[in-house]
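Worksheet: one structure, shown below.
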Amino acid sequence: MRIKLQLATPGDVADLIALHTSVVERLRADFGEGYWVTKATEKGTLFTLRRASVYIARYRKKLIAHVNLTTRKPWAIDTKYFTPCRKPLYIIGMSVDPSFQRSGIGRQCIAEAIGIAKKWPADAIRLDAWEEAVGAGAFYRKCGFREVGRATYRIAPLIYFEMLL
């Protein structure tokens with residue numbers, strides 16, 4: 001199945017919240033309670049839509065994935081770990097509906113995000129992922145990202161990744 005990312009609108013908020021909820025429920029079922037168990041709200045989702053470019057993928061009208069891109073450095077990112085560059089782009093959120101995970105949707109989202117970054121133009125993509133089994137570090141490595149450091153933000157152990165473009 002091929003997906004195409006499109007920019008989300010405020011009309012997609014309920015679907016974004018539903019996607020977040022399904023992902024969190026899956027994480028809770030697989031890993032129990034932890035910092036990964038968060039609740040998405042309408043206010044928080046609208047805030048993300050204002051501060052980032054939220055790209056979504058649908059399959060038969062169902063929202064199945066999103067990737068959030070921004071030029072603003074996220075709070076949890078410490079730039080001392082990254083290669084100096086003029087125009088980094090940050091992935092500040094990404095998820096795939098649990099029923100579509102391990103089907104290539106996530107890789108397609110990353111491939112499209114890379115294409116968007118090159119047109120932006122950005123010279124690097126940066127992100128953080130949870131360090132533990134609950135995190136997506138192995139996924140980002142498979143997508144070609146390079147680990148550049150590790151840090152703890154609040155109570156969450158993070159791995160920093162980058163891809164130079």
Problem set entry | Backbone of Ile159 reached by a side-chain donor or acceptor of Glu131 within 3.5 Å | no
Exercise. In terms of hydrophobic clustering (I, L, V, M, F, W, Y; side-chain heavy atoms under 4.5 Å; direct or indirect links), are Val37 and Val96 co-clustered?
Worked result: no
For this session: State plainly whether one hydrophobic cluster holds both Leu158 and Phe31, where clusters connect Ile, Leu, Val, Met, Phe, Trp and Tyr through side-chain heavy atoms under 4.5 angstrom apart.
Result: yes
For this session: Quick one: sort the Tyr160 and Phe82 rings into parallel, tilted or perpendicular, breaks at 30° and 60°.
Result: tilted
Problem set entry | Heavy-atom closest contact (His66 atom, Gly93 atom, distance) | CE1-C, 3.8 Å
Exercise. What distance separates Ile155 CD1 from Tyr35 OH, expressed to the nearest 0.5 Å?
Worked result: 7.5 Å
Problem set entry | Atom pair CD1/OG of Ile64 and Ser99 - distance to nearest 0.5 Å | 8.0 Å
Seminar exercise, completed: In short, Ile17 meets Ala40 closest at the heavy-atom pair CG2-O, 3.9 Å
For this session: Run the salt-bridge test on Asp12 and Arg58 with the 4.0 Å N-O cut-off and return the result as yes or no.
Result: yes
Exercise. Tell me, do Met1 and Phe100 make a side-chain contact under 4.5 Å, heavy atoms counted?
Worked result: yes
Exercise. So, does Lys118 use its side chain to make a donor-acceptor pair with the main chain of Ala122 at under 3.5 Å?
Worked result: no
Seminar exercise, completed: Between Ile92 and Pro74, the two heavy atoms sitting closest are CG2-CG, 3.4 Å
Exercise. For Glu162 and Tyr90, does a side-chain donor sit closer than 3.5 Å to a side-chain acceptor?
Worked result: no
For this session: Would you kindly check if the NZ (Lys) or CZ (Arg) of Arg51 is within the cone defined by 45 degrees around the ring axis of Trp75 and under 6.0 Å from the six-membered ring centre?
Result: yes
For this session: Take atom NZ of Lys73 as the centre, draw a 6.0 Å sphere, and report whether it contains more than 12 heavy atoms from other residues, nucleotides or ligands.
Result: yes
Problem set entry | Whether Asp123 side chain and Lys87 backbone form a donor-acceptor pair below 3.5 Å | yes
For this session: Please round to the nearest 0.5 Å and tell me the distance separating atom SG of Cys109 and atom CD1 of Ile116.
Result: 9.5 Å
Exercise. When hydrophobic residues are tied together by side-chain contacts of less than 4.5 Å, even through go-betweens, does Val148 share a cluster with Ile125?
Worked result: no
For this session: Specify the closest pair of heavy atoms between Leu63 and Ala57, including all atoms of both residues, with the distance to one decimal.
Result: CD1-O, 3.4 Å
Problem set entry | Heavy atoms of other groups near Arg72 CZ, more than 12 under 6.0 Å | no
Exercise. For the atom pair CG (Leu19) and CD1 (Ile56), what is the distance rounded to the nearest 0.5 Å?
Worked result: 10.0 Å
Problem set entry | side-chain hydrogen bond (donor to acceptor under 3.5 Å, both in side chains) evaluation trace for Tyr81 with Glu147 | CA-CA 9 Å; Tyr81 293 97; Glu147 180 180 331; over 6 Å; no
Problem set entry | Thr83-Arg126 side chain donor-acceptor pair, cut-off 3.5 Å | no
Problem set entry | Val67-Leu127 co-clustered via ILVMFWY side chain contacts under 4.5 Å | yes
Exercise. Does the side chain of Gln108 come within less than 4.5 Å of Leu5's, by heavy atoms?
Worked result: no
Seminar exercise, completed: Heavy-atom closest pair (Pro157 atom, Thr152 atom, distance to 0.1 Å) is CA-OG1, 4.1 Å
Problem set entry | Residue pair Ser53 / Thr70, side-chain heavy-atom distance below 4.5 Å | no
For this session: Taking the side chain as every heavy atom from C-beta outward, state whether Phe139 and Arg107 have any atom pair closer than 4.5 Å.
Result: yes
For this session: Supply the atom-to-atom distance Ile105 CD1 to Tyr59 OH, rounded to the nearest 0.5 angstrom.
Result: 9.0 Å
Problem set entry | Parallel, tilted or perpendicular: ring planes of Tyr140 versus Phe161, cut at 30 and 60 degrees | tilted
Problem set entry | same_hphob_cluster(Val54, Leu69) at 4.5 Å side-chain heavy-atom cutoff | no
Problem set entry | Closest non-hydrogen atom pair, Cys143 against Met163 | O-CE, 3.3 Å
For this session: Using atom types as modelled and distance alone, determine if a side-chain donor or acceptor of His20 lies under 3.5 Å from a backbone N or O of Thr38.
Result: yes
For this session: Would you indicate whether the side-chain heavy atoms of Ile114 and Leu165 approach each other to under 4.5 Å?
Result: yes
Exercise. Once you round to the nearest 0.5 Å, how far does CD1 of Ile91 lie from CG of Leu89?
Worked result: 7.5 Å
Exercise. Hey, are the side chains of Pro88 and Thr71 touching, using non-hydrogen atoms and a 4.5 Å cut-off?
Worked result: no
For this session: Please answer whether the main-chain N or O of Gly44 pairs with a side-chain N or O of Thr41 as donor and acceptor at a distance below 3.5 Å.
Result: yes
